[in-house]
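The sequence lines fix the lettering, A, B, ..., with proteins before strands; numbering per chain opens at 1.
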Protein chains: 2
Amino acid sequence: MSPTHAPAGAARQGSLRELNLALVLGRIAAADRPPSRADLATATGLTRATVSAVVEDLLAGQLVSEADPAPRAGAGRPARGLVLADQGPAGLGLEVNVDYLTVCVVDLAGQVRHRTVHRADLRPVAPADALARLVHLAGEARADAARQGLTLAGAALAVPGLVDDAGLVRLAPNLGWRDVAVPELLSGHPPLTDQVPGVPALVVDNEANLAALGELHSRPPGPASFLHISGEVGIGAGIVLDGALFRGVRGWSGEIGHLPVHPEGRPCRCGGQGCLEQYAGQEAIVAGAGLVRAELPADTATARLAELAEAGDPAALRALHDAGTALGVAVAGVVNLLDLDTVVLGGGYAPLAPWLCPPVLAEIAARVLTAAWSPVTVRPSTLGPEAAAVGAAGSVVRRIVARPAGWLNRSA
Amino acid sequence: MSPTHAPAGAARQGSLRELNLALVLGRIAAADRPPSRADLATATGLTRATVSAVVEDLLAGQLVSEADPAPRAGAGRPARGLVLADQGPAGLGLEVNVDYLTVCVVDLAGQVRHRTVHRADLRPVAPADALARLVHLAGEARADAARQGLTLAGAALAVPGLVDDAGLVRLAPNLGWRDVAVPELLSGHPPLTDQVPGVPALVVDNEANLAALGELHSRPPGPASFLHISGEVGIGAGIVLDGALFRGVRGWSGEIGHLPVHPEGRPCRCGGQGCLEQYAGQEAIVAGAGLVRAELPADTATARLAELAEAGDPAALRALHDAGTALGVAVAGVVNLLDLDTVVLGGGYAPLAPWLCPPVLAEIAARVLTAAWSPVTVRPSTLGPEAAAVGAAGSVVRRIVARPAGWLNRSA
DNA sequence: GCAAATAATTCAATCGCTGAACAAATACCT
DNA sequence: AGGTATTTGTTCAGCGATTGAATTATTTGC
């Protein structure tokens, strides 16, 4: 079952065009300046004739459009720049979290073209009702997208929990969800998006995974391999290796919160002992800072911590240092194992990064075998709290960019 | 820098044939019975005409050969079975370790066609001299291969240490090597193998990585994602994800030996504290069992431990249990992070597996969040102590199977 | 206003896959 | 024993996609 990089299927005549469509479109997407057909020809190694034919297909399919001629020095016929279309396919990103619902639409270029955040405590809400609200918001988003000339080609939903390949949410502890079959609950509602071959109608994935994807495709493009840690009540990690999210054998990778950092330490609700979550989770930091969590709305806990730390509160500083140290121990292990050079602190960790990074870096320096030769960067996420929803929508459009043939053949 | 799965280069006319050569050859390699051209056509989705043309190329290039017609029930013209050629390209595998040198030749089918083990204490030998001995053994291997109709198409060298992309051994502590530029030291010697386009003349890699590759390609084929742990004096891991070795950003992945298992515990020679190696490395087990390591040749320490454990020696059993527990803590963290379902104990751990597996499994059961839904298998390596050399040679032939066009175009 | 330069398109040639017809070789049936 | 059904493998015209050279298009510099 492991042909080791052998091509997936038969290479027929049409595969050539599919590959070159993806190649050319990928170059247009990756370029920092609208390239001309001639630029693309030299960049890809194809002839200008082929590039022209490929671009014609892409133009007809509303995947790219011609930009105004970029000013260029020297003689010669001016080039016509090609950019990703701002009309055409777009991705729908959804997120259910403890205290908000988010819906957003991202176009091919990665621009957020629509965004709704609906604040509400979702814990007492039944999953079916929460999803119904989401469907309503998604309907509005779709209408707004249509007004802007965008077609929703697929959707992705971020959930703070363990998700199955089939979209079954096995366990989302902080949301109180257990064995929630999302596709099934959605089957009574109108479809969220149009149907496009090669693009799944709805992908359900872990919030941390999708946030990592958002980071991967943010501008400027991040590194191809990194660890993205979302610190909320639980701690999740998205692992991006060689430009692709690594989901694990069953799609449950990234449970860094249950990495043992003190094997004989505090018992954890997972049944283990000394898990990272017990030392660097939101509750642990809040308690360490002497705050009473019950008095704080969940979404303001980290803001309050940042305030206190900013003001020099010793208990808060101490709590953040301890959490950073525990996090650093776990991260050092991961870096030793995977040889990553970048760690991104996201979610609730992002605003606390100024206080978390130093102890994390200290542990890395002390514990990573190769730290002397290859420095490890630890930095906060560049995306805001909606990273997961944006990453979800982005994963849809990245799929179209990576394999545009499906979109182009949608009506045929 | 992250085109996210975009094809590497331009898809020209010839790419089609290259892809289909790889597709068909991969099927032949993966089949458990010699397939006919018709079988391949249905399996790949290509037409029989195309398969015939592709197979003709493969036959001409000595990559496959026709087997005697396999007996088949029913009417019809008998099929001609296709098997990987036992003459043609082969891979050269080399290993330098503390107390032996190994050279072996593996053919396309994965059969070991030549093997030499040269026992000697390599620690007092200068790297250049050790490599010179290896070159001599490789020359004999090449001659033997030629007598068997095999052409060496590339070589891979396993080293117990951190290796650079360029073949620079940064650090091999137990061997006493530091910044050894292997390709440079070899440049004065005659070439180890023939030159084949697309196959590097010599790959230098970590022993644990290559042992994991050996496991991946062993018969019967293992899972596509697993963790292979080589327990020697140091502890190294090879991480195989989706059928490919994950080498990390700089090629230094797998340093599981320095995963912190007791962050405030015993100091480690890496500068950290409480690294796994201090609790589950060979020295720790030997000391825990009350043995004096200096009195044992390095290569007999594990054999002696296994003897004692077999005999029920309490100190040995206790030492193995403690080591297994520490190993289990580390493995549980890795499984939580990567969601792997198989862990292979190799190297010095293989003979000790009967005593190590139970505590490892116990820690996994207690600490892995998803253990209830997805059992994790922990088993000893099926390959012997020469796993790394065999894996090294195998990596060469797998590369040819994965991209046969290079071999076929070698003379053109 | 003309030549040089660069961009993009057109077109015959070529390569490799497809699909159908055909040839080859065996088992089953009468 | 002979004929038919069945399956394997090959041959060949057709076609889609890329190539490379020639051609057209559009601008700068002299």
Side-chain angles (χ1 to χ4, degrees), chain A residues 7 9-24 28 33-60 64-82 404-405 408-409 412, chain B residues 7 9-24 28 33-60 64-82 404-405 408-409 412:
Chain A
R12 18 182 57 60
Q13 296 287 102
S15 316
L16 266 187
R17 189 35 86 78
E18 287 183 19
L19 288 169
N20 285 331
L21 282 166
L23 179 66
V24 169
I28 295 173
R33 205 191 312 255
S36 67
R37 291 167 175 77
D39 291 338
L40 291 168
T42 56
T44 61
L46 296 166
T47 61
R48 289 189 310 242
T50 304
V51 170
S52 281
V54 167
V55 167
E56 195 174 357
D57 283 3
L58 294 174
L59 284 169
V64 306
S65 55
E66 292 192 319
D68 281 345
R72 180 184 47 76
R77 171 175 168 176
R80 307 213 273 161
L82 296 165
L408 295 176
N409 297 337
Chain B
R12 17 184 56 60
Q13 298 286 89
S15 315
L16 228 47
R17 186 39 82 80
E18 287 184 17
L19 288 169
N20 286 330
L21 283 165
L23 180 67
V24 169
I28 295 173
R33 205 191 311 257
S36 68
R37 292 168 176 75
D39 293 337
L40 292 169
T42 57
T44 60
L46 295 166
T47 61
R48 292 194 309 251
T50 304
V51 171
S52 279
V54 167
V55 167
E56 196 175 357
D57 283 4
L58 294 174
L59 284 169
V64 306
S65 55
E66 291 192 320
D68 281 345
R72 180 183 46 76
R77 170 175 168 176
R80 330 218 12 203
L82 296 165
L408 295 176
N409 297 335

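Put simply, B/Asn20 has a side-chain N or O that comes within less than 4.0 Å of OP1 or OP2 on C/dC17. The shortest distance between the side-chain N/O atoms of A/Arg37 and the OP1/OP2 oxygens of C/dT6 is not below 4.0 Å. For A/Arg48 and C/dT9, the shortest distance from a side-chain N or O to OP1 or OP2 is not below 4.0 Å. Remark: B/Arg77 is not in phosphate contact with D/dT6, judged by side-chain N or O atoms under 4.0 Å from OP1 or OP2. Taking 4.0 angstrom as the limit, B/Arg12 places a side-chain polar atom (N or O) nearer than this to OP1 or OP2 of D/dT19. Here B/Thr50 reaches the OP1 or OP2 of C/dT18: one of its side-chain N or O atoms lies under 4.0 Å away. Side-chain N/O atoms of B/Ser52 include one lying less than 4.0 angstrom from OP1 or OP2 on D/dT10.
Closest approach of B/Ser65 and B/Leu59 over heavy atoms only: CA-CD2, 3.7 Å. Looking at every heavy atom in both residues, A/Leu23 comes nearest to A/Thr44 through CD2-CB, 3.7 Å.
Electrostatic pairing of A/Glu56 and A/Arg37 does not count as a salt bridge here, judged by no charged N lying under 4.0 Å from a carboxylate O.
Residue contacts shown for A/Ala38 are limited to sugar-phosphate atoms, with no base heavy atom under 4.0 Å away. Looking at heavy-atom distances under 4.0 Å, A/Ala53 makes no contact with the nucleic acid at all.
Counting to the nearest Å, the C1' atom of D/dT19 and the CG atom of A/Leu16 are 12 Å from each other. Distance B/Leu40 CG to D/dT10 P: 12 Å, rounded to the nearest Å. Straight-line distance from the CG atom of B/Leu21 to the P atom of C/dC15: 16 Å, rounded to whole Å.
In terms of polar N and O atoms assigned as donor or acceptor, the side chain of A/Gln13 never comes within less than 3.5 Å of the base of C/dC17 in a complementary pairing.
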Test side-chain contact (heavy atoms from CB on, under 4.5 Å) applied to A/Leu58 and A/Val24, step by step: CA-CA 9 Å; A/Leu58 294 174; A/Val24 169; 4.0 Å; yes
Full working for salt bridge (charged side-chain N to carboxylate O under 4.0 Å, His left out) between B/Arg17 and B/Asp57: CA-CA 10 Å; B/Arg17 186 39 82 80; B/Asp57 283 4; 2.8 Å; yes
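If you find the closest nucleotide of DNA chain D to A/Gly14 and to A/Ala49, the one lying nearer the 5' end belongs to A/Gly14.
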